[in-house]
Protein chains: 2
Amino acid sequence: MTVPSGRRERKKAATRQKIADTALRLFLERGYDAVGIRDVAAEADVAVTTLFSHFASKEALVFEQDEDFEHRLTQAVTDRAPHEPLIPALRHEVQALVRHCTADSATPIWRMVEESPALREYEESMRLRHAESLAAAITADPGLPQDTTACRAIARFVIDAYAVAREAADPETALDEIFRMIEAAWAVTRLSGTATGTAGP
Amino acid sequence: MTVPSGRRERKKAATRQKIADTALRLFLERGYDAVGIRDVAAEADVAVTTLFSHFASKEALVFEQDEDFEHRLTQAVTDRAPHEPLIPALRHEVQALVRHCTADSATPIWRMVEESPALREYEESMRLRHAESLAAAITADPGLPQDTTACRAIARFVIDAYAVAREAADPETALDEIFRMIEAAWAVTRLSGTATGTAGP
DNA sequence: TCTTTAAAACCTAACCGTTAGTGTTACGGT
DNA sequence: ACCGTAACACTAACGGTTAGGTTTTAAAGA
């Protein structure tokens, strides 16, 4: 049982952070492919098995904040005020994420990602997970009459918006445009399923 | 010059096909993870290096027709009659692909894919490639006034349609619904240059 | 026909991410 | 003070993938 409150947790977190920091530093210094897992472990002064008990794969070392993204997205759905419309809430959150990723401090990392097929692939599978979590959150919202298919589609569209905008020359404008498209796509799902007038806006 | 007319091409294709057939058979018999590359090579009676000169990875053995899909999608854009609208042409092609993948003969393969994280990840990165090819084809169409961002977004939406519909309980109906959403999303991109207000209901 | 060229296939041996198996340490609860 | 267990360590291996260099074989020119 026991809330493991204390030193153990702190030490574990410190170890994890040290591994992540060391890895990122080495990757940026020498290139992702030129640095082996054994190098990272040695430099962070931990065993290889310890490294893998904190991170599921070499690529996961780069996308350390993965789960934050996921939580923020689903919370944008679940934590919004009653009757607050879905799409603008998502737009707001995605905009924050895009801003975070296009900040100057992040550009070396994204350049590294673009240059490594393994990292690009990993990022894509990450986004699939995010889309699925988001779809689950949207589907679970009792205030939305849409069916599962529409929710799953919209969830993917939102993740696409993030991906496309992040790579666009002008991310803010691109995001605006794509969310206009998403808004239109979402609107038509209201009309099709039920002839029942769920009263207008 | 070289029109390497004949035998060499045929033999190469035969070798490739033999490897692919053997691999698929072994995977279905014993399970994807339980079969090693060395097993496939031995059973197909080729060297491991030969196998990798035909297929870039173990996962590629399963998605042998990858490139056909890609060509058919881009051709659906480039080969359509003048003034034929884009979205219905894409809908038609995606519907054919979905039918192909949900055929009874294909179900064991997709079950295998669903059970293997490596295969799911590979499929996702495949779809990213398809979306990028499709985006390039759409952007290059001189008859379409839309900007690059809208084209890239729509390309991803179309690939999403395929992915979501394939997994839906009723793929045909799901595809109809998602393409209604895509049609709406595409329609609003035409308006943005001139007017900012959204049309009434 | 004979020779030349180069693609295709071969073999060996390794590289590197990842995991299993098996201790060892030290924190936290009792 | 003592026990259970979470965190970490070490070795050795497994499996996909690649580098190196050699042999076969189809295709084209002499």
Side-chain angles (χ1 to χ4, degrees), chain A residues 1-20 22-24 26-27 30-64 112 116-123 125, chain B residues 1-20 22-24 26-27 30-64 112 116-123 125:
Chain A
M1 299 302 300
T2 69
V3 190
S5 52
R7 183 153 20 189
R8 213 172 234 181
E9 265 189 343
R10 259 182 297 117
K11 283 202 174 181
K12 182 174 183 178
T15 301
R16 182 192 156 94
Q17 199 59 43
K18 183 171 187 183
I19 294 171
T22 305
L24 198 55
L26 291 185
F27 290 160
R30 309 182 203 165
Y32 181 76
D33 290 324
V35 178
I37 284 290
R38 291 162 179 87
D39 299 330
V40 176
E43 184 87 4
D45 200 30
V46 296
V48 171
T49 47
T50 301
L51 188 154
F52 277 108
S53 78
H54 286 276
F55 298 92
S57 66
K58 185 186 181 185
E59 296 92 54
L61 288 166
V62 174
F63 297 98
E64 200 211 338
M112 179 176 80
S116 161
L119 286 176
R120 289 192 69 90
E121 184 161 341
Y122 183 84
E123 198 206 342
S125 80
Chain B
M1 282 298 294
T2 58
V3 183
S5 53
R7 183 152 23 187
R8 205 170 239 179
E9 268 188 342
R10 260 183 295 119
K11 282 204 172 181
K12 184 174 183 179
T15 302
R16 182 193 156 93
Q17 200 58 43
K18 183 171 187 183
I19 294 171
T22 305
L24 197 54
L26 292 186
F27 290 160
R30 309 183 202 163
Y32 180 76
D33 290 324
V35 177
I37 284 289
R38 292 162 177 89
D39 299 330
V40 176
E43 184 88 5
D45 199 30
V46 296
V48 172
T49 46
T50 300
L51 188 155
F52 276 108
S53 78
H54 285 277
F55 299 92
S57 67
K58 186 187 181 186
E59 296 91 56
L61 288 167
V62 174
F63 296 99
E64 198 213 338
M112 178 177 79
S116 162
L119 285 176
R120 289 191 69 89
E121 184 161 341
Y122 183 83
E123 197 205 344
S125 80

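Every heavy atom of this structure was used, including side-chain atoms; hydrogens, water molecules and symmetry mates were not. Letters A, B, ... mirror the listed sequences (proteins, then strands); counts begin at 1.
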* Structure fact -> Regarding the side chain of Ile37(A), the nearest nucleotide among dA7(D), dG17(C), dG15(D) is dG17(C)
* Send over the distance from Arg38(A) CZ to dC15(C) P, rounded to a whole Å. => 10 Å
* **DNA chain C-proximal residues of residues 42-57 of chain B, any heavy atom under 4.0 Å** => Asp45(B), Val46(B), Ala47(B), Thr49(B), Thr50(B), His54(B)
* **Interatomic distance, Arg16(A) CZ vs dA6(D) P [rounded to whole Å]** => 19 Å
* To do: Round to a whole Å and report the spacing from CD of Glu59(A) to C1' of dT18(C).
  => 11 Å
* Asked: Does Lys11(B) have a side-chain nitrogen or oxygen under 4.0 Å from the phosphate oxygens OP1 or OP2 of dA26(D)?
  -> yes
* Please tell me if the side chains of Arg16(A) and Glu64(A) come closer than 4.5 Å, counting only heavy atoms from C-beta onward. => yes
* Is there any ring pair (Phe, Tyr, Trp, His ring centres under 6.0 Å) pair reaching into residues 36-63 of chain A, and which pairs are they, with sequence neighbours excluded? -> Phe63(A)-Tyr122(A)
* Rounded to the nearest Å, what distance is computed from the CD atom of residue Glu9(B) to the P atom of nucleotide dA8(C)? -> 9 Å
Compile the donor-acceptor pairs under 3.5 Å between side chains in residues 36-51 of chain A and protein atoms, sequence neighbours left out, one pair per line.
unit_1: Asp39(A); atom_1: OD2; unit_2: Gly36(A); atom_2: N; d: 2.9
unit_1: Glu43(A); atom_1: OE2; unit_2: Arg25(A); atom_2: NH2; d: 3.0

* Roughly how many Å is it from CZ in Arg8(A) to P in dT5(D), rounded to a whole number? -> 11 Å
* To do: State, with a plain yes or no, whether a side-chain heavy atom of Arg10(A) is found less than 4.5 Å away from one of Arg7(A).
  => yes
* To do: Report which part of the nucleic acid Val40(A) touches: base, sugar-phosphate, or nothing (heavy-atom distance under 4.0 Å, all strands).
  => nothing
* Asked: Over how many whole Å does the gap from Lys58(B) atom NZ to dT18(D) atom P extend?
  -> 15 Å
* Structure fact -> Taken to the nearest 0.5 Å, the spacing of Asp33(B) CG from Met112(B) CE works out to 10.0 Å
* Structure fact -> Minimal heavy-atom distance between Val35(A) and Arg30(A), with the atoms involved, is CG2-CB, 3.8 Å
* Please state how far atom NZ in Lys12(B) lies from atom C1' in dT25(D), giving the value in whole angstrom units. => 14 Å
* Rounded to the nearest angstrom, tell me the gap between atom CG in Asp39(B) and atom C1' in dG15(D). => 10 Å
* Side chain to side chain, Leu61(B) and Leu24(B), heavy atoms closer than 4.5 Å -> no
* Go through dT17(D), dA8(C), dC8(D) for me and flag the one nearest to the Thr15(A) side chain. => dC8(D)
